[in-house]
J.: 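Mind looking over this structure? Questions follow.
Count residues from 1 along the sequence. In this text the structure is predicted, and so the values were computed from the model without any measurement.
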Amino acid sequence: MALRLWASSTANVLKLSSAACRTHHLPSPFSLSRCFSTVLDGLKYANSHEWVKHEGSVATIGITDHAQDHLGEVVFVDLPEPGGSVKQGGSFGAVESVKATSDVNSPISGEIIEVNASLKETPGLINSSPYEGGWMIKVKPNSPAELDSLLGPKEYTKFCQEEDAAH
């Protein structure tokens, strides 16, 4: 209980919210990490577990902490080439982990202006830093209004809780 109180206080100070705790009691020790998935303020989220950070004319996209936690250790990332385009909801790459291979979908449409080349050599950045070093692509959005159809931090947290409760 003390650990949970400390984690909650720390999350509040860091402006993080829990994305996956199912109930008010802790789950088994083997799924403890799932209670500490983070959702950051200032980002938008797709229900397919990708995030987008829109700054000026550029949107940075990656997979969420919740997604990487469910995937496990990421061992390979397949990314597109710059200059291509992505469509909202369409696949632009894949993440291979020790558990599974999953397509990664774009939360918005646009032109790919940059890919995170570091992920080729260090795919584990998606696990250790999903919102910073583990970003996947940068896009020049075709329609910034598409951001309005995405989830905010509170909505995404609730979505993850409901999704995990259903499993």
Side-chain angles (χ1 to χ4, degrees), residues 15-20 33-34 36-167:
K15 296 185 190 255
L16 305 174
S17 56
S18 170
S33 66
R34 294 179 73 194
F36 298 101
S37 293
T38 55
V39 175
L40 301 181
D41 289 333
L43 303 181
K44 291 289 206 163
Y45 299 87
N47 61 6
S48 54
H49 302 288
E50 293 84 16
W51 58 266
V52 60
K53 181 177 186 179
H54 188 228
E55 296 177 299
S57 63
V58 176
T60 304
I61 298 169
I63 67 168
T64 65
D65 187 41
H66 185 77
Q68 72 78 25
D69 185 51
H70 281 270
L71 282 169
E73 180 185 353
V74 175
V75 295
F76 179 76
V77 180
D78 180 33
L79 295 174
E81 294 293 322
S85 63
V86 292
K87 183 177 179 190
Q88 186 178 40
S91 175
F92 69 80
V95 175
E96 183 178 329
S97 74
V98 295
K99 293 182 183 178
T101 299
S102 297
D103 285 339
V104 182
N105 300 319
S106 183
I108 59 171
S109 303
E111 177 189 349
I112 301 166
I113 58 173
E114 188 177 349
V115 299
N116 188 348
S118 298
L119 296 178
K120 186 172 186 159
E121 296 295 321
T122 316
L125 285 171
I126 289 177
N127 298 113
S128 62
S129 181
Y131 300 115
E132 297 290 330
W135 65 272
M136 300 179 83
I137 62 173
K138 292 188 180 188
V139 172
K140 181 179 177 184
N142 289 345
S143 176
E146 288 178 337
L147 291 164
D148 295 336
S149 68
L150 300 174
L151 304 171
K154 289 180 183 175
E155 294 86 6
Y156 180 68
T157 298
K158 183 178 179 189
F159 173 79
C160 290
Q161 291 168 337
E162 291 170 355
E163 185 178 68
D164 282 351
H167 289 97

J.: Please name the pair of heavy atoms, one in Val139 and one in Ile113, separated by the smallest distance, quoted to 0.1 Å.
T.: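 Taking every non-hydrogen atom into account, N-CG1, 4.1 Å.
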J.: Does the side chain of His70 come under 3.5 Å of the side chain of Glu163 through a donor N or O and an acceptor N or O?
T.: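 Per modelled atom types, His70 and Glu163 side chains form no pair under 3.5 Å.
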J.: Going by the rule side chain to side chain donor-acceptor pair (under 3.5 Å), which residues pair with Ser91 if we only count those two or more places apart in sequence or in a different chain?
T.: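 None.
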J.: Backbone N or O of Val39 within a donor-acceptor pair of the Asp65 side chain at under 3.5 Å?
T.: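 Checking the backbone N and O of Val39 against the side chain of Asp65, no donor-acceptor pair under 3.5 Å is found.
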J.: May I ask you to check whether Tyr131 and Thr38 show a side-chain donor-acceptor distance below 3.5 Å?
T.: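 Not at all, the side chains of Tyr131 and Thr38 share no donor-acceptor pair under 3.5 Å.
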J.: Would you check if the side chain of Asn116 reaches a backbone N or O of Gly133 as a donor-acceptor pair within less than 3.5 Å?
T.: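 At least one qualifying donor-acceptor pair exists.
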J.: Do you know which two heavy atoms are closest between Pro123 and Val77, and how far apart they sit?
T.: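 The answer is CB-CG2, 3.8 Å.
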J.: Can you see which heavy atom on Asn142 is nearest to which on Glu111, and at what distance?
T.: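 Taking Asn142 first and Glu111 second, the nearest heavy atoms are OD1-N, 4.2 Å.
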J.: Is a donor on one side and an acceptor on the other found under 3.5 Å between the side chain of Asp78 and the backbone of Ala94?
T.: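 Absent.
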J.: For side chain to side chain contact (heavy atoms under 4.5 Å, CB included), just list the numbers for Tyr45 and Leu40, CA-CA rounded to whole Å, side-chain angles, deciding distance to a tenth of an Å, and then say yes or no.
T.: CA-CA 10 Å; Tyr45 299 87; Leu40 301 181; 3.8 Å; yes
J.: Give me the one residue out of Met136, Lys140, Lys138 that meets side-chain contact (heavy atoms from CB on, under 4.5 Å) with Glu114.
T.: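 Of the listed residues Met136, Lys140, Lys138, the side-chain contact (heavy atoms from CB on, under 4.5 Å) partner of Glu114 is Lys138.
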J.: Under the criterion side chain to side chain contact (heavy atoms under 4.5 Å, CB included), I'd like the reasoning laid out for His49 against Ile63: C-alpha separation, chi angles, the key distance, then a yes or no.
T.: CA-CA 6 Å; His49 302 288; Ile63 67 168; 5.9 Å; no
J.: Which residue is it: Leu43, Leu151, Leu150? I am looking for the one with a side-chain contact (heavy atoms from CB on, under 4.5 Å) to Pro107.
T.: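 The passing option is Leu150.
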J.: Taking all atoms of both residues into account, what is the closest heavy-atom pair of Pro80 and Ile112, and its distance?
T.: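 Closest approach of Pro80 to Ile112, heavy atoms only: CG-CD1, 3.4 Å.
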J.: Under 3.5 Å, is there a donor-acceptor pair between the Gln88 and Ser143 side chains?
T.: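 No, no side-chain donor-acceptor pair sits under 3.5 Å.
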J.: Between Glu50 and Asn105 (side chain of the first, backbone of the second, donor and acceptor by atom type, cut-off under 3.5 Å), is there such a pair?
T.: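 Yes.
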J.: Not counting sequence neighbours, which residues clear side chain to side chain donor-acceptor pair (under 3.5 Å) with Ser109? List them please.
T.: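 Only Glu146 meet the side chain to side chain donor-acceptor pair (under 3.5 Å) criterion with Ser109.
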J.: Heavy-atom count check: over 12 atoms from other residues, nucleotides or ligands less than 6.0 Å from Glu132 CD?
T.: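 No - once you tally the heavy atoms of other residues, nucleotides and ligands closer than 6.0 Å, there are 12 at most.
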J.: Under 3.5 Å, side-chain donor or acceptor atoms of residues 53-61 against the rest of the protein: list the pairs with distances, not counting sequence neighbours.
T.:
unit_1 : atom_1 : unit_2 : atom_2 : d
His54  : NE2    : Gly56  : O      : 3.1

J.: Using side chain to side chain contact (heavy atoms under 4.5 Å, CB included), reason through Phe92 and Leu79 one step at a time and then give a plain yes or no.
T.: CA-CA 7 Å; Phe92 69 80; Leu79 295 174; 4.2 Å; yes
J.: Does any N or O in the side chain of Thr157 come within less than 3.5 Å of the main-chain N or O of Pro153, such that one atom is a donor and the other an acceptor?
T.: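 Between the backbone of Pro153 and the side chain of Thr157 there is a qualifying donor-acceptor contact (under 3.5 Å).
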